[in-house]
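Atom set for the values below is all heavy atoms of this structure, side chains included, hydrogens, waters and symmetry mates excluded. Chain identifiers are assigned alphabetically (A, B, ...) following the order of the sequence lines, protein sequences preceding nucleic acid strands; residue numbering begins at 1 within each chain.
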Protein chains: 2
Amino acid sequence: MVTRDGRRRVTISDVASHAQVSTTAVSKVLRNAYGVSEAMRAKVQAAIDELGYRPHAAARAMRGRTFTIGVVLPHIRNPFFADILDGFDEELAAARYQAIIVQGGSSDAAAESRALDALVDRQVDGILIVAPVIPRARLEEMARNTPTVVLGRHDRSAVYDSVLDDDEVGAELAVEHLIALGHRRIAHISQKGLGPSVALLHTIRARTYERVMAEHGLAEHIAVVATSYTEEGGYQAARELLARTPRPTAVFAGSDQAAFGALAAVHEAGLAVPGDVSVAGYDNARVTALAHISLTTIDQDGAIMGKTAGRLLLERIGGRTSSVRFSVTPTLVARRSTAPPAIR
Amino acid sequence: MVTRDGRRRVTISDVASHAQVSTTAVSKVLRNAYGVSEAMRAKVQAAIDELGYRPHAAARAMRGRTFTIGVVLPHIRNPFFADILDGFDEELAAARYQAIIVQGGSSDAAAESRALDALVDRQVDGILIVAPVIPRARLEEMARNTPTVVLGRHDRSAVYDSVLDDDEVGAELAVEHLIALGHRRIAHISQKGLGPSVALLHTIRARTYERVMAEHGLAEHIAVVATSYTEEGGYQAARELLARTPRPTAVFAGSDQAAFGALAAVHEAGLAVPGDVSVAGYDNARVTALAHISLTTIDQDGAIMGKTAGRLLLERIGGRTSSVRFSVTPTLVARRSTAPPAIR
DNA sequence: CTCGGGATGGGTATCGTTATCCATCGCGGA
DNA sequence: TCCGCGATGGATAACGATACCCATCCCGAG
């Protein structure tokens, strides 16, 4: 391959001739393969360093591995994904794998499917897909050919690994917390238009909200507005909720990002948090801990989840075929965005 | 290539035999090359659709294009980058290019350099690098071989295109705004440890702050704390500033993310924004507009910058060799985080 | 002294696609 | 009738690495 400035990229043959050995020998050193003496290894490594050789990932992809992991995120705007990636990257870096991220389009099954194809076309060694909305069959078809870890989805599969938190426990914690504070008119912000699958985490959070409300005799106060787990979605949903009479005294948003939007709507309506309306989120994205936000939320340790996803993926690439499911138990983090309702 | 479930991936030869033509003909259709009749095109396209053929990017990379653009972001946590990517992706999708994102490690030159290498190894057709801190020589070496657009850096180059805002104007707007409100003890939060290069945007923002302060006879009140453009950095810097006696009445943070951290520190210290301390940021990330945050900031239109970066990159891939520099003029967006200082 | 086998290094087909030739066909002009 | 040329389709050598298989060397056992 000739580069634009006329210099050839350094290839394995350059290294081989420089070290006076065969390309096979160099390849073996690169792959840590069996049948290389210490002397050979040293000689080849010296030539590699001297020439500044770097393996050509595309060429590798034709026969072997690419040492590349593809990550599909709905959208990089969600700060919780940054927490996940911190743990994921850390785990991968140790194994000299590189993560590449593609955006799957928040809750858009077609876009998500395209993103997945793009990764397969690029011959990644493994895939991490976060909160996917595509059908399970599609996921499994993918996973049969490429090691796959699915993060944040509840259906079980024999062909991919799952990393998730117990959304039922988490949602229960949030709703119970608000009820314990004395709230009765508690509303919920969810996502819409993704089918009724109980595998999707927003469905579980919404159903759990309804169940817990009913268990406490608050069935008549159930109010779910389904928009999306984004600031915009949270804002729209909260505006709609605040316009109702009587308006809710507390809002449980299905994600921190949506809670952010809800906070904005509450302030914009001239109401105080938590004085007039309590707001709780879900994810405990690091940014929610900041003092001026201080959002009550449900913690699922993103960094741990990401780190685990990385480990599971490496194991699968290493040959494991059994299916693993890793679940973290969420906890309530009560901060200053929730308080008892005003007495009336 | 045999996939794990025993099925071969559909290749160009499968399409060729199915359509009863040569692989060359199929390749020509795929590339829109010269020398294909309408009949041929239709026949081949039908076979492609029937078999669900998708080009193998890695194999393509061995001889031609990958239709992949690499994006190096310091870290996906910064919400302003999401704004940039929205515009960028939109522009690329129309040309059937796929963007892949790698994290460059906030302000870590070694990590950034590795991320860049990773993209080159993967044979991307072009590179967008956002707010890089590596030496210009390294950037140019890269750009000579791969079409490159640099976003958010002020050095001029004949080999890559630049997209940026006028940071001098922006910083001036912010400081002048605070001065016009009546502030005198105005502090600034910057980044540290990246060398004194005047090409780096934080350097320009910091120097402009100092210049404007001096021009208004406020040289004695200049106070710069250099941490990093992150929430954590903004928080640490603000804590240090608030501990000083007398403490500043206004803080101009070099980025919205740092301003976020500063807001947290102010609240934690039991002080009010803007009553006790005014805070201004830079970037106008969409999230800053939310009512409960309502951060005064400097707008540089991220979506436009991203869209332009995409266009320039496609042009370069298309063969343009002249160098382009696209600069947006920032504007002040005054919100509720700034106000006149309390009378004392 | 030969033989067997482990350790080491190398030859080479192969992965899927592109790009550079080369071959063929049909048709109009000399 | 023959020649030349444009239009079209195909054969094939790369691209850079891997992995299978084979060749060689050395050493101890029989």
Please report, rounded to the nearest Å, how far the [atom2] atom of [N] is from the [atom1] atom of [X].
X: B:R122; N: D:dA17; atom1: CZ; atom2: C1'; value: 14 Å
X: B:Y34; N: D:dG10; atom1: OH; atom2: C1'; value: 16 Å
X: B:R41; N: D:dG9; atom1: CZ; atom2: C1'; value: 14 Å
X: A:M40; N: C:dA7; atom1: CE; atom2: C1'; value: 12 Å
X: A:Q123; N: D:dG16; atom1: CD; atom2: P; value: 18 Å
X: A:N32; N: D:dA19; atom1: CG; atom2: P; value: 13 Å
X: B:E38; N: D:dA7; atom1: CD; atom2: P; value: 15 Å

Do we see a donor-acceptor contact under 3.5 Å between the side chains of A:T66 and A:Q123?
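Short answer, no.
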
Any salt bridge linking B:D121 with A:R60? Criterion: basic side-chain nitrogen under 4.0 Å from a carboxylate oxygen.
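Salt bridge between B:D121 and A:R60, a charged N being under 4.0 Å from a carboxylate O: no.
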
Assess whether a salt bridge exists between B:E91 and B:R311, defined as any Lys/Arg side-chain N lying under 4.0 Å from an Asp/Glu carboxylate O.
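Salt bridge absent between B:E91 and B:R311.
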
Base, sugar-phosphate alone, or nothing: which one does A:R65 contact when heavy atoms must sit under 4.0 Å apart?
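No contact.
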
Which part of the nucleic acid does B:S37 contact within heavy-atom distance under 4.0 Å: base, sugar-phosphate only, or nothing?
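The residue B:S37 makes sugar-phosphate contact but no base contact.
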
Report yes if a side-chain nitrogen or oxygen of B:R60 is closer than 4.0 Å to either non-bridging phosphate oxygen (OP1 or OP2) of C:dG16; otherwise report no.
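No, because none of the side-chain N or O atoms of B:R60 sits under 4.0 Å from OP1 or OP2 of C:dG16.
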
Least distance between heavy atoms, B:S157 atom then B:S323 atom
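Distance-wise, the nearest heavy atoms are O-OG, 2.7 Å.
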
Between B:M62 and B:K28, just flag the one whose closest nucleotide in DNA chain C comes earlier from the 5' side.
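The residue mapped nearer the 5' terminus is B:M62.
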
Hey, which sits more toward the 5' end of DNA chain D by its nearest nucleotide, A:R31 or B:A59?
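Looking at the nearest nucleotide for each, B:A59 comes out on the 5' side.
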
Residues within residues 12-26 of chain B bordering DNA chain C, heavy-atom distance below 4.0 Å
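Those residues are B:I12, B:T24.
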
Using salt bridge (charged side-chain N to carboxylate O under 4.0 Å, His left out) as the criterion, point out the one residue from B:R325, B:R156, B:R316 that pairs with B:D161.
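Passing option: B:R316.
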
Would you please name every residue forming a side chain to side chain donor-acceptor pair (under 3.5 Å) with B:D301, sequence neighbours left out?
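Result, side chain to side chain donor-acceptor pair (under 3.5 Å) vs B:D301: none returned.
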
Does B:R63 make a side-chain donor-acceptor contact with the base of C:dT17, cut-off 3.5 Å?
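Between C:dT17 and B:R63, which were checked side chain against base, a qualifying N/O pair under 3.5 Å is absent.
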
Determine whether A:F67 and A:Q98 satisfy the following criterion, side-chain contact (heavy atoms from CB on, under 4.5 Å), listing intermediate values before the conclusion.
CA-CA 6 Å; A:F67 291 94; A:Q98 172 74 40; over 6 Å; no

